[in-house]
Amino acid sequence: MDFEAYFQGELGALRDEGRYRVFADLERHRGGFPRATRHLEDGSTQDVTVWCSNDYLGMGQNPKVVDAMKAAIDQCGAGAGGTRNISGTNHSHVLLERELADLHGKQSALLFTSGYVSNWAALGTLASKLPGCIVFSDAGNHASMIEGIRHSRAEKVIWKHNNVRDLAARLAAADPRAPKIVAFESVYSMDGDIAPIREIVEVAERFGAMTYLDEVHAVGLYGPRGGGIAEREGLMDRITVIEGTLGKAIGVMGGYIAASEALCDFVRSFASGFIFTTALPPALAGGAVASIRHLKVSNEERLMQRDRVARLRSLLDRRGIPYMPNDSHIVPVMVGNAAKCKWISDLLLDHHGIYVQPINYPTVPRTTERLRITPTPFHSDADIDHLVGALHQLWSRCALSRAVA
Ligand code: PMP
């Protein structure tokens with residue numbers, strides 16, 4: 001086989017469809033978030049405003065977080081030095097796991113190298129080790145959960161997105177003796193819609209199913225202490241496993257589950273994605289502790305972010321630019337065509353210094369291509385005016401329908 005020709009052919013097909021992903025080569029500025037310098041191939045640079053960061057609250061630039069990381073590097077050095085079992089457990093990992101357990105009102109928490117790995121490893125291990133387990137997976141679940149379930153080889157039943165009736169019917173149709181896991185998210189990242197957690201928990205309890213909730217896009221952002229939607233709804237104690245990331249609102253990197261002591265110990269003892277990989281650098285754990293502690297007591301960032309989101313939505317309304325309505329912090333501006341989405345994104349970046357990555361298939365269904373905009377507490381009124389003005393111009397040039405959403 002001509003491997004090179006095969007690779008080029010497949011990449012060419014992606015390009016033809018406008019789905020080929022191009023990185024923006026950015027340099028974030030300390031203290032300047034959401035401003036960044038973009039490095040271009042010809043060696044020149046451009047100042048840009050980032051509108052698609054998952055550092056939702058700017059905690060990646062927060063002085064408390066950055067100082068904690070520096071202090072941890074000074075004290076412990078760069079890397080963890082091993083897997084958690086073999087010399088890699090540093091005191092900051094232990095402190096962070098305690099902090100996370102407390103955040104979610106659980107007995108224990110267990111760290112992983114990313115949110116992706118935590119879903120893949122924890123869900124995969126639970127589903128494969130519980131004898132005859134059936135996993136009931138929301139149709140909108142993230143790739144990391146899908147891969148974890150696939151890897152487990154457990155039976156999978158997909159229920160209609162956020163549809164509690166469909167979930168109940170499918171649970172009712174399953175073998176009553178089989179152990180069951182209901183896996184779902186709280187805030188869905190691409191549409192920004194929020195799951196009816198209370199109803200899902202009630203149905204799961206009725207059928208004796210375990211609940212596995214991905215709060216990756218909610219941790220730090222919702223609930224009086226940033227414990228997520230489950231905290232906001234007073235449901236943390238009724239959810240079996242809460243999974244989260246340290247890489248988005250917490251501003252650092254890493255993933256975790258929070259659950260009972262026995263469940264965390266079980267995953268710790270059987271999950272290859274936990275056992276056979278190097279522990280997070282202690283500095284990351286130290287930064288995450290500082291960030292979580294701050295967000296447990298400070299509402300300032302959350303309130304400011306909501307204010308920015310509301311302002312953006314009202315200006316989009318005024319200009320007739322369609323976005324998907326939801327109750328979260330995510331503003332999906334709907335374009336509905338991969339090539340146009342990329343075209344708008346390129347022009348925003350090249351002509352207006354506005355960076356919003358186009359979101360295309362397979363991340364979202366075809367014809368729902370979009371710009372996923374994530375306002376942060378640090379976007380000013382002028383930034384929002386500039387963004388909406390540029391979108392308005394491009395919308396007219398592109399002759400886009402104002403009703404694609
Ligand atoms: N779950 C969901 C719902 C996600 O959107 C993501 C990442 N976008 C992850 C898990 C993975 O988290 P991480 O980026 O920490 O690997």
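Whatever order the structure lists them in is the order used to number ligands and atoms, beginning at 1.
A donor-acceptor contact under 3.5 angstrom links the side chains of E27 and H39, judged on distance only. With 3.5 Å as the limit, one finds no donor-acceptor pair spanning the side chains of H379 and R308. Remark: the H161 side chain and the D193 side chain contain an N/O donor-acceptor pair separated by less than 3.5 Å.
Per-residue contacts place E185 under 4.0 angstrom from the following atoms of ligand 1 (heavy atoms of the residue considered): 3 (C). Distances below 4.0 Å separate heavy atoms of N119 from the following atoms of ligand 1: 1 (N), 10 (C).
Ion pairing of D346 with K342 is present here, as a side-chain N (NZ or NE/NH1/NH2) and a carboxylate O approach within less than 4.0 Å.
Look at G255 and you'll find every heavy atom at least 4.0 Å from all atoms of ligand 1.
Contacts between E243 and ligand 1 below 4.0 angstrom, taking non-hydrogen atoms only, are absent altogether. Residue-level proximity to ligand 1 for N54 is absent, since no heavy atom of it falls below 4.0 angstrom.
Among protein heavy atoms, atom 9 (C) of ligand 1 sits closest to H142 CE1, 3.5 Å. Ranking the protein heavy atoms by distance from atom 16 (O) of ligand 1 puts Y116 N, 2.8 Å first. Ranking the protein heavy atoms by distance from atom 8 (N) of ligand 1 puts K248 NZ, 2.9 Å first. In this structure, atom 1 (N) of ligand 1 lies nearest to the protein heavy atom D214 OD2, 2.6 Å. In this structure, atom 15 (O) of ligand 1 lies nearest to the protein heavy atom T245 OG1, 2.6 Å.
Of the polar atoms of H217, at least one N or O is found under 3.5 Å from an N or O of ligand 1, judged by distance alone. Close N/O approach between G115 and ligand 1 is found [any backbone or side-chain N/O within under 3.5 Å].
Looking at heavy atoms from C-beta onward, V66 lies out of side-chain contact with M69 at the 4.5 angstrom threshold. A 4.5 Å side-chain heavy-atom check between I384 and W51 finds at least one atom pair inside the cut-off.
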Quiz prompt | Stepwise salt bridge (Lys or Arg N to Asp or Glu O under 4.0 Å) test for E97 and R84 | solution = CA-CA 13 Å; E97 284 173 341; R84 286 294 298 275; 2.9 Å; yes

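Nearest heavy atoms, A230 versus L213: CB-CD2, 4.1 Å.
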